[in-house]
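All values below were derived from every heavy atom in this structure, side-chain atoms included, with hydrogens, water molecules and symmetry-related copies excluded. Residue indices begin at 1 and follow the sequence shown.
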Amino acid sequence: MLRRSAACLCTTVGTAPTRHTGKCLCGTVKYSVEGTPDWVAHVHSTFYRQSHGASSVLAAGVVPKRFNLEAGEGYLHRKAFNSVYKHTCKKCGTHVYDDWLQHHKKVVFPTHMDALGAAHRLTADWEAFAPQFHLHYDSALLPQYDGLPKYANLPQEWRGGTGELLQEDFPETQYFRYNGHAGDASWPPSGDAATASGA
């Protein structure tokens, strides 16, 4: 569950792994990833929520040797946040990728990938970046009812991870605390109740 099987480590054309390309908003910084990422997850940590302005961020971890910076190195701003190095484009401000030093991974964001637009959702490119689980779900602002495993922080196999799994509607997430639903067994609404409440 935490690492894709050897059989699907890359989408192949002949014997060569697929090369996925990505870029910042203005296109100055460009990069590529060879093959399939080691993991793909929805990340709910405060760092990612605030740096992206989103309730969660879809992120993919790849080993550094399969990540290549293709253009714009001189336009990258590198900033350390604990053991994470955030890379942003100096021209447009896009959060392009990160170095997770403790986990020896480059972390890219599938929404930056050139091949993952709406027209490509059903292709092998999109399937390669389909999320497998959630990270830092104890910091979630919105519950996610997708059936994927939801780690309170990180998997136990990862440095600093407890491996604790939370329910999708875990009452101690920030969403339930902020909206007054902590400990409310009737939430989330379902069926007629959901329709009546507009949920």
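When the side chains of ILVMFWY residues are joined at heavy-atom separations under 4.5 Å, either directly or via intervening members, L148 and L154 end up in two distinct hydrophobic clusters.
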Do any side-chain atoms of residues 77-86 form donor-acceptor pairs under 3.5 angstrom with protein atoms, and if so which ones, sequence neighbours left out?
unit_1, atom_1, unit_2, atom_2, d
R78, NE, H87, NE2, 3.4

In a table with atom names and distances, give each donor-acceptor pair under 3.5 Å that connects a side chain of residues 23-33 to protein atoms at least two apart or in another chain.
unit_1, atom_1, unit_2, atom_2, d
K23, NZ, D114, OD1, 2.5
S32, OG, E70, OE2, 2.5

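In terms of the side-chain hydrogen bond (donor to acceptor under 3.5 Å, both in side chains) criterion, residue partners of Y48 (sequence neighbours excluded) are, by chain and number, D98, W100. Qualifying side chain to side chain contact (heavy atoms under 4.5 Å, CB included) partners for A41, counting only residues two or more places apart in sequence or in other chains: W39, F133, L135. For K106, the salt bridge (charged side-chain N to carboxylate O under 4.0 Å, His left out) partners are D99, not counting sequence neighbours. Evaluation of the ring pair (Phe, Tyr, Trp, His ring centres under 6.0 Å) rule for H134 yields H42, H44, Y137 as partners, not counting sequence neighbours.
E34 places none of its side-chain heavy atoms less than 4.5 Å from the side chain of V62. Side-chain contact between F129 and H20: present, with at least one pair of heavy atoms (C-beta onward) separated by less than 4.5 Å. L166 has its side chain within reach of D138: a pair of non-hydrogen atoms, C-beta onward, lies under 4.5 Å apart. A 4.5 Å side-chain heavy-atom check between L141 and R49 finds at least one atom pair inside the cut-off.
Of all non-hydrogen atoms in A59 and V43, the two that sit nearest each other are CB-CG2, 4.0 Å. C92 approaches T94 most closely through the heavy-atom pair SG-OG1, 3.1 Å. Contact record, A128 with V40: O-CG2, 4.0 Å, taken as the closest heavy-atom pair.
No more than 12 heavy atoms of other residues, nucleotides or ligands shown are found within 6.0 angstrom of OH on Y75.
Remark: side-chain polar atoms of E168 are paired, donor with acceptor, to backbone N or O of G147 under 3.5 angstrom. Using modelled atom types, one side-chain atom of T162 and one backbone atom of E164 make a donor-acceptor pair closer than 3.5 Å.
Distance NZ/K91 to CG/L76: 12.5 Å, rounded to 0.5 Å. From Q102, atom CD reaches atom NE2 of H104 across 8.5 Å, with rounding to the nearest 0.5 Å.
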Given side chain to side chain contact (heavy atoms under 4.5 Å, CB included), test H112 with Y97 step by step and report yes or no.
CA-CA 10 Å; H112 295 168; Y97 69 92; over 6 Å; no
